[in-house]
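The structure under discussion appears below in the form of structure tokens.
The chains referred to below are lettered A, B, ... by the order of the sequence lines, with proteins before strands, and numbering in each begins at 1.
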Amino acid sequence: MPRNKVARQLRKHLLKALEYIITNSDFASLPGDQCKFVSSAYNRLKTTGNDRNWNIEITQFEVPIEDQKLDPHSPTLLMGGIMQVKNGMPTHLSFSVCVTFTTKDNAVECGKIVNAPSCCLPGYLNQKRVVRRFHFDFQPSISPSSHVQYGGIFHENGHVTDCHYCLEHFLENPRIHYPPIDLVLLLDLMIREFETVLKNWRQETNWRSLVLKSQDLWWKDYWNRSAIHINDPRGVTFHERIYGER
Amino acid sequence: MKANKKVKILWIDDEVTDHTEDAKNLKYARKELEITIIHPTNLDSKLYQLKMSKKIPDLFLVDYFLDEVKFEEGDDGKYAHRGLTVAGKLREIEPEHPVYVVTQKDTKKEGIFFSEAQAVRAVFDKILTFKEVQREGHNVLYYDALDYRSIRTSPRRNLEVLFDLLQAPDDLKKRLVLVLPEELREGLAASGSAKHPEGNPIAFAKWVQEILLSVPGFLYNELYTATYLGLTIETFKNLSPKFKKAEYSGSFAKTTPTLWWVSKLSDIIFSMPKARKINKTNPWELSPILFSVSKKMQTKCIVCGDPFPETVGINLKNDSDFEPVHYKCSIPHPNKRRELYFDEPRGFKVK
């Protein structure tokens, strides 16, 4: 596909997805005006006149997890990321999801040792702490170009500062080979993995159309190429191929 | 130059003689106003006369306490009811015309603001104190009446008309539809009343004034706008000419303190050539850099003192104290109702 067309399609699709999110009543009902953060990204992207070169940051927004088992921890999902297009091609796609718990000491409430003692407790009592973080990257300049990391660098911003993060910023490996994940695919994955107020999106026609379009834009080519790599007639292994060794 | 439009007001008051001079003063301040004052005991005959002559006033102004002064000396009796009764009658006869109430009492402990507040709010379109009428009446009555007239005379079964009345930005239309009350989702015509054009101009005017212009979300007042742009109010005041295009100019704009469309504010800053070089998505982080303002000129959270508060909160100990706060330094306000798609009311406590 010609470069300009790719960039235009990516921008149009992201705008559509952001518009879906900010006009959705379930999303609008989330505490803490999460719409405001997504709206900022929408407004910024909308005013980007140049289809060939643009980058957008979607500030992390927070979606409470509705799971009775986890209730004492006030669990939330924190999602956000960036997308960069240069000369008509995507050069960086980076979206992350964190699961956060409060640092409230639940040992007494639960009658067993949960969450305590923890390195997070003394200075961060009643604040949030990141208990899981997955970071999905698509960056053609590194190998594997499309990967997932556990942990990675946690970008604090605005309303999510004071989150305690002890998964070690400096450790970026292993980068595990994984298909590219954009905002739509990440959200779709999370609303299936966790019970949230966004659960109705799973069956919602317009949301599903966005997911199908994201698959088309990010996965079709990826899986086709992966199939070719696996069936390499020269006997080059998949890892050799994606690490550019042979 | 185009002549200003005439506006007819019918003022119903038991103190006709006393207020004749006030009516003259209003007309003196705004010559386009034509004010007629009548005693409530004459209401039926006056309405009949107006209906026959097809000269229905643009706006009714009703005194709340109508039972104090007789029509004339030696007259048999006073009017036996209050403004609510008159308003009910006016609503029944002219359901699309605004009815404003005026009261001499401006203490919030009076019945009109207290035990009768619900009924008053349901029937009247605006509550004015007599002092407000004297001071601002010539503008409030004139511009509001014109806005009601333009709503009333707009095509009915057309949603686009509502957006025109609001002068709403195109990109907000989808979201505005979502917040419109059900009865306005098809425009000004009442649902299912294609053959009967009587509709909801009053419902629309009420929603505009009580929700759209009053609840922050689509439109921001000065404090919210300054906070949204990461600036102190003073700094924003100096920069406000740059945001002229974002000012609200739709229905009731003339009688409301200046408001700005939030989406237009961000359009203005994101469209600035310098903005493209700065990797910030949130307006409260971007604009201080764009306008090269010092730290002193940037707004700070009232709770923690740090920069970039994302919203405005209400002091939990004082409902009239609004201050910039971070989400992390505030909580959803325990007593304020949240309107979907509008900003969440936040409460804060200063340590």
Side-chain angles (χ1 to χ4, degrees), chain A residues 15-16 18-50 53-62 64 76 78 80-84 92 100 124 126-128 155-163 197 206, chain B residues 169-179 216-218 220 224 228 230 261-273 275-286 301 304 306-312 325-333 338-346:
Chain A
L15 271 172
K16 258 187 155 180
L18 294 172
E19 192 181 21
Y20 177 91
I21 296 169
I22 59 177
T23 52
N24 182 272
S25 58
D26 295 326
F27 197 84
S29 72
L30 292 172
D33 287 334
Q34 304 306 316
C35 255
K36 194 183 261 187
F37 304 100
V38 184
S39 292
S40 290
Y42 174 77
N43 289 328
R44 168 131 211 176
L45 188 59
K46 195 183 65 182
T47 50
T48 308
N50 187 344
N53 296 294
W54 50 269
N55 67 76
I56 191 77
E57 181 193 358
I58 294 142
T59 307
Q60 296 189 72
F61 54 88
E62 204 170 359
T76 64
L78 213 53
I82 57 163
M83 192 166 162
Q84 195 173 58
H92 196 185
T100 71
Y124 286 88
N126 293 324
Q127 298 286 351
K128 289 180 166 68
H155 300 276
E156 291 195 339
N157 48 21
H159 60 301
V160 289
T161 52
D162 289 353
C163 254
V197 290
N206 292 335
Chain B
D170 283 343
D171 63 310
L172 272 190
K173 289 177 182 174
K174 251 190 188 172
R175 289 174 81 186
L176 280 168
V177 174
L178 301 169
V179 295
F218 290 85
Y220 278 169
Y224 274 84
Y228 184 67
W261 288 105
V262 181
S263 73
K264 281 195 177 180
L265 289 170
S266 50
D267 282 356
I268 290 171
I269 58 164
F270 290 137
S271 308
M272 291 169 78
R276 296 199 183 127
K277 293 171 196 152
I278 305 165
N279 198 15
K280 297 274 178 204
T281 306
N282 294 318
W284 50 94
E285 293 169 322
L286 176 64
C301 173
C304 70
D306 287 343
F308 312 128
E310 307 95 350
T311 191
V312 171
V325 279
H326 288 118
Y327 281 105
K328 66 183 169 82
C329 299
S330 57
I331 55 163
H333 197 290
R338 184 177 185 186
E339 294 284 338
L340 208 56
Y341 297 105
F342 288 82
D343 284 15
E344 180 180 49
R346 306 286 295 183

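- Interface residue B/L286: only side-chain heavy atoms are found under 4.5 Å from chain A.
- When the candidates B/L340, B/V177, B/I331 are compared by the number of heavy-atom contacts under 4.5 Å with chain A, B/L340 comes out ahead.
- Of all the listed residues (A/K36, A/R44, A/E19), the one sharing the greatest number of non-hydrogen pairs under 4.5 Å with chain B is A/R44.
- A/I22 touches chain B through backbone and side chain together, each having a heavy atom under 4.5 Å away.
- Residues B/R175 and A/S39 are in side-chain contact: their nearest non-hydrogen atoms beyond the backbone lie under 4.5 Å apart.
- Annotation: side chain of A/Y20 is not in contact with side chain of A/F27 (no heavy-atom distance under 4.5 Å).
- A/N55 touches chain B through its side chain: at least one heavy atom from C-beta onward sits under 4.5 Å away, while N, CA, C and O do not.
- Within the 4.5 angstrom heavy-atom criterion, no atom of A/D26 approaches chain B.
- A/Q34 contributes a side-chain N or O that, together with a main-chain N or O of A/E62, makes up a donor-acceptor pair within less than 3.5 Å.
- No more than 12 heavy atoms of other residues, nucleotides or ligands sit less than 6.0 Å from atom NZ of A/K16.
- Contact annotation for B/D306: neither backbone nor side-chain heavy atoms come within less than 4.5 Å of a heavy atom of chain A.
- Screening B/E344, B/E310, B/R346 for a side chain to side chain donor-acceptor pair (under 3.5 Å) with B/S330, the sole residue that qualifies is B/R346.
- Judged by distance alone, with hydrogens and angles left aside, the side-chain atoms of B/H326 form a donor-acceptor pair with the main-chain N or O of B/P307 at under 3.5 Å.
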